[in-house]
Amino acid sequence: MKIINIVGARPNFMKMAPIVNEMKNAGINQVLVHTGQHYDHKMSKLFFEDLALPRPHINLEVGSGTHAGQTGDIMKKVEPVFITERPDLILVVGDVNSTLACAITASKLGIPVAHVEAGLRSFDRTMPEEINRVLTDAISDCLFVSEDSGIDNLKNEGMPEEKIFFVGNTMIDTLLEHRKKAESISPLGTVHIKNISYGVVTLHRPNNVENRENLKNIIEALAIVSRGMPLIFPVHPRTVKKIDEFGLRGMLSEIRGNVSSGIYMTEPLGYLNFLGLMAGAGLVFTDSGGIQEETTVLGIPCITLRDNTERPVTITYGTNVLAGADKNKIIACAKERLNGYGKDSGIPELWDGKAAKRIVSVLIDKFSG
Ligand code: UD1
């Protein structure tokens with residue numbers, strides 16, 4: 001059996017790493033294709049090093065672009081790869097443009113598609129990722145689901161039950177494998193934050209960072225919270241550009257030496273450093289998808305700077321609350337958490353470190369021989 005595994009953007013790497021490992025253990029012939037959607041050292045190569053992912057066999061080097069431009073470039077460049085390699089299956093993860101582009105291309109060549117993290121829905125079609133999720137699922141042959149809401153969503157969309165497999169969460173496989181190591185390092189190098197109570201911020205959704213009003217509201221709210229607790233903010237490249245363009249840098253500091261109160265910007269961190277930073281935090285503010293899940297497993301309160309989530313189990317079961325870009329709501333949620341009014345939380349079903357094993361065993365059952 002020959003499988004092409006696709007990665008493209010930062011959140012793909014930690015979802016793919018345990019699958020690549022399990023496939024290797026099972027003796028599957030696999031080809032790793034990197035679309036090059038993310039290309040900066042800190043957004044890509046650093047993750048290959050931290051996660052011991054093998055060097056991609058093929059890098060399509062598509063780089064940045066508009067949504068249609070990026071998606072179209074990936075499709076054009078990956079098609080000849082699929083034709084030459086003639087895999088039995090391609091496997092995509094998550095909801096980024098690379099996921100959709102490769103799924104469409106394979107499906108039109110009659111190559112079966114497996115989608116890991118299927119069925120998640122924010123029901124917000126203004127998010128590019130929601131379009132990618134719905135369309136990728138519609139043309140996938142194997143739908144690997146990470147939380148039970150995904151099963152209901154896929155059934156409601158008319159997906160046949162025999163395509164749906166509830167396997168758990170491969171990103172959590174990676175977290176559980178690396179947690180100890182991450183907790184033992186100094187995540188910010190020479191800046192020591194162990195034994196300090198601090199928060200962590202990540203922000204990159206177009207709706208938050210490309211709208212001046214929303215970005216200003218969020219930073220103002222964080223500035224107020226940061227009077228009582230320093231906030232460490234590893235900044236996504238898109239967000240840095242917008243902070244400067246909107247003239248908001250004045251409310252932020254560069255990190256060097258000691259941290260006291262305030263919001264401290266750093267460059268994007270590698271996987272281990274970011275996990276270590278998050279594991280030691282008192283509070284996390286984010287608009288990322290995956291971080292909502294990681295904080296749930298780490299038991300750290302998470303305030304999500306969005307009005308919706310495609311990962312409802314992190315709210316019903318985990319540590320997550322939604323605050324949107326509403327300044328007062330962000331401050332109120334933070335106060336509540338800092339005053340100890342946390343939520344009871346637990347670990348969602350099958351987030352046990354064995355999701356990749358289950359995926360590979362289904363693939364062998366369905367596609368080998
Ligand atoms: C993408 C994913 C998003 C994911 C995020 C994680 C889509 C639609 N979105 O969003 O789901 O949560 O990755 O980071 O696929 N840039 C760099 N260096 C890089 C990569 C990007 O400077 O290595 C800049 C680009 O110039 C561009 C911006 O960041 O201006 C956006 O990059 P893009 O890949 O389009 O989307 P993300 O916002 O990163």
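Order of listing sets the numbers, starting from 1, for every ligand and every atom in it.
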- Query: side-chain contact (heavy atoms from CB on, under 4.5 Å) with P348: which residues, sequence neighbours excluded?
  - Reply: T296, V313, Y317, W351
- Query: Listed by chain and number, what are the side-chain contact (heavy atoms from CB on, under 4.5 Å) partners of P206, not counting sequence neighbours?
  - Reply: E210, R238
- Task: Mark the output for P11 as yes if a heavy-atom distance to ligand 1 is under 4.0 Å, and as no if none is.
- Result: yes
- Message: Check contact between K241 and ligand 1, using heavy atoms of the residue and a distance below 4.0 angstrom.
- Response: yes
Numbered atoms and elements of ligand 1 in range of [X], under 4.0 angstrom, heavy atoms:
| X | result |
| --- | --- |
| D40 | 17 (C), 18 (N), 19 (C), 22 (O), 23 (O) |
| Q37 | 1 (C), 7 (C), 15 (O), 34 (O) |
| M43 | 14 (O), 19 (C), 23 (O) |
| H236 | 14 (O), 29 (O), 37 (P), 38 (O), 39 (O) |
| Q70 | 34 (O), 35 (O) |
| E129 | 2 (C), 3 (C), 9 (N), 11 (O) |
| H67 | 8 (C) |

Could you check [atom] against the protein and tell me its nearest heavy-atom contact, residue, atom and distance included?
| atom | answer |
| --- | --- |
| atom 22 (O) of ligand 1 | P237 CB, 3.2 Å |
| atom 25 (C) of ligand 1 | S64 OG, 3.0 Å |
| atom 8 (C) of ligand 1 | N97 OD1, 3.3 Å |
| atom 38 (O) of ligand 1 | R238 NH2, 2.7 Å |
| atom 2 (C) of ligand 1 | V96 CG1, 3.6 Å |
| atom 20 (C) of ligand 1 | H38 CD2, 3.2 Å |
| atom 16 (N) of ligand 1 | Y39 OH, 3.6 Å |

- May I ask you to check whether F233 and Y264 place their ring centers less than 6.0 Å from one another? no
- Message: Is it the case that the ring center of H41 lies less than 6.0 angstrom away from the ring center of F47?
- Response: no
Closer than 4.0 angstrom, basic N to acidic O: yes or no for [X] and [Y]?
| X | Y | result |
| --- | --- | --- |
| E183 | K194 | no |
| E129 | R133 | no |
| E220 | K327 | yes |
| K242 | E245 | yes |
| D352 | R358 | yes |

- Task: Sort out for me which residue in M16, E22, M23, K24 forms a side-chain contact (heavy atoms from CB on, under 4.5 Å) with V20.
- Result: M16
- Note on the structure: Of E147, E117, E294, the one forming a salt bridge (Lys or Arg N to Asp or Glu O under 4.0 Å) with R311 is E117
- Message: Counting only nitrogen or oxygen atoms and a 3.5 angstrom limit, does H204 reach ligand 1?
- Response: yes
